[in-house]
Amino acid sequence: MNKSLKELALLVGGKIKGDEHIIIKGVAKVEDVKEGEITFAVSGKFLSLAEKSKASAVIIPQEVENFSKPVIQTANPRLAFARVLEIFAPLAPEFKGIHPSAIISEGVKIGRGATIGPLCIIQEGAKIGDNAYISGFSYLGRDVSVGERTFLHPRVTVLDKTSIGKKVIIHSGAIIGSDGFGFVKTEDSSYYKIPQIGRVVIEDAVEIGANVTIDRATTGETRIGRGTKIDNLVHIAHNVTVGKNVAIVALVGISGSSCVGDGAVLAGQVGISDHVSIGANSIVGAKSGITKDIPANSFVWGIPARDHLVQKKITAVVHRLPELLKRVQKLEKLIKEE
Amino acid sequence: MNKSLKELALLVGGKIKGDEHIIIKGVAKVEDVKEGEITFAVSGKFLSLAEKSKASAVIIPQEVENFSKPVIQTANPRLAFARVLEIFAPLAPEFKGIHPSAIISEGVKIGRGATIGPLCIIQEGAKIGDNAYISGFSYLGRDVSVGERTFLHPRVTVLDKTSIGKKVIIHSGAIIGSDGFGFVKTEDSSYYKIPQIGRVVIEDAVEIGANVTIDRATTGETRIGRGTKIDNLVHIAHNVTVGKNVAIVALVGISGSSCVGDGAVLAGQVGISDHVSIGANSIVGAKSGITKDIPANSFVWGIPARDHLVQKKITAVVHRLPELLKRVQKLEKLIKEE
Amino acid sequence: MNKSLKELALLVGGKIKGDEHIIIKGVAKVEDVKEGEITFAVSGKFLSLAEKSKASAVIIPQEVENFSKPVIQTANPRLAFARVLEIFAPLAPEFKGIHPSAIISEGVKIGRGATIGPLCIIQEGAKIGDNAYISGFSYLGRDVSVGERTFLHPRVTVLDKTSIGKKVIIHSGAIIGSDGFGFVKTEDSSYYKIPQIGRVVIEDAVEIGANVTIDRATTGETRIGRGTKIDNLVHIAHNVTVGKNVAIVALVGISGSSCVGDGAVLAGQVGISDHVSIGANSIVGAKSGITKDIPANSFVWGIPARDHLVQKKITAVVHRLPELLKRVQKLEKLIKEE
C-alpha cells in the first residue's frame with residue numbers, strides 16, 4: 001500500500017515541510033527504517049539518527065527546525081507514528097464468521113459481524129457483541145459477556161460470569177476469572193477452600209497481555225477500569241480494583257482486595273500486598289514492594305517502597321557503606337587514643 | 001435458594017443469637033453484602049462494618065457480645081463463611097459425561113461418573129478416577145493418572161507420567177510435567193540438553209493456580225505434598241519437594257532440587273535457590289531471596305533473607321542512612337577541630 | 001533396554017575401570033539410583049554419595065582414583081550422563097503423521113516426516129520443516145515458519161510471521177509473537193495503542209520454557225540467538241535481542257529494546273529495564289534489577305545491581321547496621337562528654 005506524504009499528513013493531522021508528493025511505502029522505527037519508508041523522532045539523539053537513516057520522511061515535533069529530510073510536524077509525533085502504523089498494518093484477521101469446528105452451546109447470543117474462530121468453546125448464556133472477534137482456541141464460560149469490537153487473540157480463557165467491555169484486547173494465554181487464592185486454616189493445620197463465587201469485570205478499552213491471570217472475586221467483583229493496559233504475566237488477585245488508564249508492566253503481582261488509582265503506573269515485577277491502596281497517578285518503580293497505602297501523585301521505589309528521592313539518597317549511602325564503616329572505625333580509634 | 005438462619009447454623013455448627021427464623025437469600029463479604037444476605041466478621045473494624053452493613057445476619061466469633069444484628073457464633077467464623085458459600089454456590093459443572101469432541105486414545109481408563117469435556121486430548125495409558133472432572137481443552141499425556149473427584153478447570157496441561165491424587169483442583173493454563181531446565185555446558189560454550197525423564201507427583205487435596213508451571217524431575221520425582229495450595233504464575237523446578245499443607249503465593253520461583261517443609265508459607269514473588277531446604281512451618285516474607293537452608297519455624301524476610309526481627313531493625317537503620325552519614329561527618333569535623 | 005557398561009562407555013566416549021560386562025538397566029541421579037542402574041558424580045560429596053548408593057556403575061571425572069564401584073571415566077561426566085539419559089529415554093512421540101482433527105489452512109507447506117498432532121490450528125502461509133513435530137493443541141499463525149526437527153510440546157502458540165529455526169524445543173503454554181506493550185499517552189490521559197507490526201525470530205537450537213511470553217517487535221524483530229535456553233514464565237518484550245548460548249532462568253523480565261550478549265546468564269527473577277545492554281558472558285545474580293549497561297564479562301548482583309564483590313561487602317555491612325548505629329551513638333556521647 002502506497003501513500004503520498006500529503007495523504008499521510010492529512011490522516012495524522014500534521015504539517016509538511018519538503019516534497020509533499022513523495023510516495024511512502026512503509027513505516028518503521030528508526031533502527032529498522034528503509035528507503036521509501038517513514039519513521040519518527042522526538043528528541044536529540046533520535047532526531048539525529050533519523051536524519052542519518054535511509055528514511056524518506058520523518059514525523060517530528062512542531063518546534064524542530066532545519067531538518068534535512070521531508071517531514072510531517074505534529075504536537076505528538078508518537079501518536080502520529082501509531083496512526084501511520086495503523087494505516088500500513090490494518091488489523092486483518094485470518095478468518096471471518098463462525099467456524100464450524102467451534103463448539104457453541106445452545107442459547108449463546110452472537111452479535112452482527114462477530115467472529116468465532118476454529119476450535120472455540122462457548123458455554124451457555126454467553127453473549128458476544130457486534131463485530132467482536134473471538135480467535136481460535138478461545139474459551140468463554142457460562143454467562144460471559146463480551147462487548148462490541150472486543151478482540152480476543154488465540155487461546156484466551158474467560159471463565160463463568162466474567163463481563164468484558166467494548167474494544168477490549170486480550171492476548172493469548174490470558175486467564176480471566178480463575179478462583180481467588182482463599183483458604184481458611186483449620187485446626188488440623190490443613191487449608192479449607194473458600195468458594196470463590198464473585199466475578200471479574202473488564203471495562204471498555206482495556207488491553208490484557210499474554211499469560212496474564214485475573215482472579216474472580218470471593219464475592220462481588222474484581223474490576224479493571226476503562227483504558228487500563230496490562231503487560232504479560234501479570235497476576236491480579238481476587239477483589240482487586242484497578243482504576244482507569246492504569247499501566248501495569250510485566251510480572252507485577254497485586255494481592256487480594258487492593259486498589260490501584262486512576263492513571264497509576266506500576267513498573268515491572270512490582271508486588272503489592274493485600275488490602276493496600278495506591279493513590280491516583282502514582283508511579284511505582286520496578287521491583288518495588290508495597291505494603292502500605294500510597295497517597296495520590298506519589299513516586300515511590302524500593303523494598304519497602306519509599307519516596308523515590310529519599311530512596312535515591314539512601315541508595316547512594318548504601319553504596320558507600322563499607323567506606324562508612326571504616327570511617328567509624330577510624331573515629332573510634334582516634335577517640336580511644338585521646 | 002433460601003435458608004433460614006436456623007438451617008444455616010445447623011449446617012455450619014454455630015449458635016444463634018436473634019431471630020432464628022429470618023430467611024437468608026445469599027452470602028457476601030462485608031463490602032458487598034446486601035439486605036437478605038449473611039456475611040462474616042472476625043475482629044474490631046470488620047465487626048463494626050458488619051453492624052453498619054445491610055446484612056440480615058452475621059457470622060461472628062463466640063466471644064463477641066452485644067452485637068446489634070442476628071448472628072451465628074462459632075469458633076472459626078471464616079470456616080463457617082466458607083461453608084455457607086458452598087451452600088449458596090454449589091459447584092455446578094457445565095457438562096456431564098464424555099463429550100464426543102474429546103480425542104481419547106485407546107485403552108484409556110475412565111472411572112464411573114467421570115467427565116471429559118469438549119476438545120480434550122487424552123493419550124494412551126491415562127487413567128481417570130471416579131467422578132473426576134476434566135474440563136474442555138485439557139490435555140492428559142501418556143500414562144497420566146488422575147485421582148477420584150479431582151477437578152481440572154478448562155485448558156490444563158498434564159504431561160506424560162504425571163500422577164495426580166484425589167480431590168485435587170487445577171486451574172486453567174497450568175502446565176504440569178514440562179521438562180526441567182537442565183543443560184551441560186560444553187567446550188564450545190553451547191548448552192547440551194540433559195533429558196528429563198522423571199515425573200511429577202501431585203498428592204491429594206492439592207490446589208494449583210492458573211498458569212502455574214511444575215517441571216518433571218530429571219530422574220525421580222518432583223512432588224507436591226498433600227493439601228498444599230499454590231497460587232497463580234508460580235514456577236516449581238525439577239526435583240523440588242514441597243511438603244504437606246504448604247501455601248505458595250503468586251509469582252514464587254523455586255529452583256531445582258529444593259525442599260519446602262510441611263506447613264511453610266511462601267509469600268508472593270519469593271525466590272528460592274537450588275538445593276535449599278526451607279524448614280517446616282517457616283514463613284518467608286514477600287519478595288525474599290533464599291539462598292541458604294532455613295530451620296523449621298523460621299520467619300524470614302529480605303534479599304538475602306534474614307530473621308524478620310533482625311531485618312526489621314536493619315530496615316529501620318537503612319531508612320536513617322543519609323542522617324547517619326551526616327552524623328559521622330559531624331563527628332569527623334568535631335574530632336578534627338579538637 | 002539393557003546395555004553393558006562396555007557399550008555405554010563406547011557410546012559416551014569414556015574409559016572403564018572395573019567389570020565391563022555388567023549389565024546396566026537404567027540411569028538416575030544419585031538420590032534416585034537403584035541397583036542395576038548407572039549414575040554420575042563430579043565432586044567430593046557426590047562421589048561419596050555415589051559410592052554409598054545402590055548404583056551398579058558410576059560416571060566420574062578422569063582424575064578420580066580409588067573408586068569402589070565400576071566406573072566410566074570421562075572429561076565431562078555431566079555430558080556423559082546426559083547422553084546415557086538419551087539412550088535410556090529416547091524421545092518417543094505419542095503420534096506420527098497429520099492428525100485428521102488438525103485444522104490446516106490451504107497452502108500450508110508441510111515437510112517430509114513432519115507431524116501435526118490432534119486439534120492443532122495451522123494458518124495460511126505457514127511452513128513446517130522436515131521432521132518437525134507439532135504436538136496437539138498447537139497454534140501456528142499466518143506465515144509462521146518452523147525449521148527442521150523443531151519440537152513443539154502440546155499447546156504452544158506461535159503468532160503471525162514468527163520465524164523458528166531448526167532443532168528448537170518449545171514447551172507447553174509458551175506464547176511467541178504477542179503484541180509488544182506500546183502505547184502513547186494522549187492529552188486526555190488515556191493510552192493510544194501503537195500497532196505492533198514486527199515479528200519474532202527464534203534461531204536454531206533454542207529452548208523455550210513453559211508459559212514463556214516473547215513479544216513481537218513494534219517494527220523489525222525481537223530475536224533469540226542460536227542455542228539460547230529460556231526457563232519457564234520468562235517475559236521478553238518487543239525489540240529485545242538475546243544473543244547466542246544465553247541462559248535465562250525462570251520469571252526473568254526483559255524490557256523493550258534491551259540486548260543480552262552472547263553467553264550471558266540471567267538468574268531467576270532478574271529484571272532488565274528498557275534500552276539496556278548486558279555485555280557478553282556476563283552473569284546477573286538472582287532477583288537483580290538492571291537499569292544501566294553492563295560491560296562484558298561482568299558478574300553483578302543486587303537492586304540496583306553492582307559488581308558482586310562490591311555487593312557482597314555492602315551486604316555484610318548492611319547486616320551490621322544496627323550495631324553501626326549504636327557505635328555512632330556511643331561516639332557522639334563520648335565526644336559530648338569531653
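Just so we're on the same page: letters track the sequence lines, and every chain starts at 1.
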field: Contacting moiety of B:Thr315, where chain C heavy atoms sit under 4.5 Å
entry: neither

message: Looking only at heavy atoms and a cut-off of under 4.5 Å, which of B:Val270, B:Val310, B:Thr291 has the most pairs with chain C?
response: B:Val270

query: Does the pair B:Leu324 and C:Leu324 meet the rule for a side chain to side chain contact (heavy atoms under 4.5 Å, CB included), with working shown?
result: CA-CA 9 Å; B:Leu324 188 66; C:Leu324 187 66; 4.2 Å; yes

- line: If you tally heavy-atom pairs under 4.5 Å between each of C:Arg83, C:Arg226, C:Lys244 and chain B, the highest tally belongs to C:Arg83

- prompt: Distance from B:Ile335 atom CD1 to C:Leu334 atom CG, nearest 0.5 Å?
  reply: 9.0 Å

message: For a side chain to side chain contact (heavy atoms under 4.5 Å, CB included) check, start with the C-alpha distance between C:Ile303 and B:Lys287, then their side-chain angles and the critical distance, and finish with the verdict.
response: CA-CA 12 Å; C:Ile303 309 173; B:Lys287 283 188 166 287; over 6 Å; no

statement: Interatomic distance, CG@C:Asn232 vs CD1@B:Ile214, rounded to 0.5 Å, equals 10.5 Å

Any donor-acceptor pair under 3.5 Å from C:Gln269 side chain to B:Leu251 backbone: yes

query: Given C:Leu85 and B:Thr219, is the side chain to side chain contact (heavy atoms under 4.5 Å, CB included) satisfied, shown in steps?
result: CA-CA 9 Å; C:Leu85 279 166; B:Thr219 67; 3.8 Å; yes

task: Could you check if a side-chain atom of B:Leu321 sits within less than 4.5 angstrom of a side-chain atom of C:Leu321, using non-hydrogen atoms only?
output: yes

task: Begin from the C-alpha positions of C:Leu233 and B:Leu233 and carry the test side chain to side chain contact (heavy atoms under 4.5 Å, CB included) through to its verdict.
output: CA-CA 7 Å; C:Leu233 291 170; B:Leu233 291 170; 3.8 Å; yes

- request: Could you look at B:Leu159 and say if it's the side chain, the backbone, both or neither that has a heavy atom under 4.5 Å from chain C?
  value: side chain

- prompt: Can you pull the salt bridge (charged side-chain N to carboxylate O under 4.0 Å, His left out) pairs that have at least one residue in residues 320-329 of chain B, sequence neighbours excluded?
  reply: B:Arg320-B:Glu323, B:Glu323-B:Arg327, B:Arg327-C:Glu332

message: Less than 4.5 Å apart, side chain to side chain, heavy atoms only: is that true for B:Ile121 and C:Pro154?
response: no

- prompt: Counting a contact as any heavy-atom pair under 4.5 Å apart, which residues of residues 234-243 of chain B contact chain C?
  reply: B:Val234, B:His235, B:Asn239

query: Taking every heavy-atom pair that is under 4.5 Å apart, which of C:Gly227, C:Gly268, C:Ala28 has the most such pairs with chain B?
result: C:Ala28

field: Spacing of OG1 belonging to B:Thr157 relative to NE2 belonging to C:His153, to within rounding of 0.5 Å
entry: 12.0 Å

- request: To the nearest 0.5 angstrom, please state how far the CG atom of C:Asn245 sits from the OG1 atom of B:Thr186.
  value: 7.5 Å

- request: For each of B:Ile197, B:Val318, B:Ile314, tally heavy-atom pairs with chain C at distances under 4.5 Å, and name the one with the top tally.
  value: B:Ile314

statement: Minimal heavy-atom distance between B:Tyr139 and C:Phe137, with the atoms involved, is CB-CE1, 3.8 Å

field: Rounded distance [0.5 Å steps], OG in B:Ser257 versus NZ in C:Lys29
entry: 3.5 Å

query: More than 12 foreign heavy atoms under 6.0 Å from CZ of B:Arg199: is that the case here?
result: yes

message: I'd like to know whether NZ of C:Lys313 has more than 12 heavy-atom contacts from other residues, nucleotides or ligands below 6.0 angstrom.
response: no

Engaged part of C:Asp231 at the chain B interface, taking heavy atoms whose separation is under 4.5 Å: both

query: Which atom pair, heavy atoms only, marks the closest approach of B:Val184 to C:Ala82?
result: CG2-CB, 4.3 Å

- prompt: So which part of C:Ile230 gets closer than 4.5 Å to some heavy atom of chain B, the side chain, the backbone, both or neither?
  reply: backbone

message: Report which part of C:His319 has an atom under 4.5 Å of a heavy atom belonging to chain B: side chain, backbone, both, or neither.
response: both

- prompt: CD1/C:Ile248 to CZ/B:Phe181 distance, rounded to the nearest 0.5 angstrom?
  reply: 8.0 Å

statement: Applying ring-ring contact (aromatic ring centres under 6.0 Å, His included) to C:Phe40 and not counting sequence neighbours gives C:Phe81

message: Strictly distance-based, threshold 3.5 Å: is any side-chain N or O of C:Arg155 a donor or acceptor partner for the main-chain N or O of B:Val156?
response: yes

field: Under 4.5 Å from any heavy atom of chain B - which part of C:Val30
entry: neither

field: Contact listing (chain C partner; residues 188-195 of chain B; heavy atom under 4.5 Å)
entry: B:Ser189, B:Ser190, B:Tyr191, B:Tyr192, B:Lys193, B:Ile194, B:Pro195

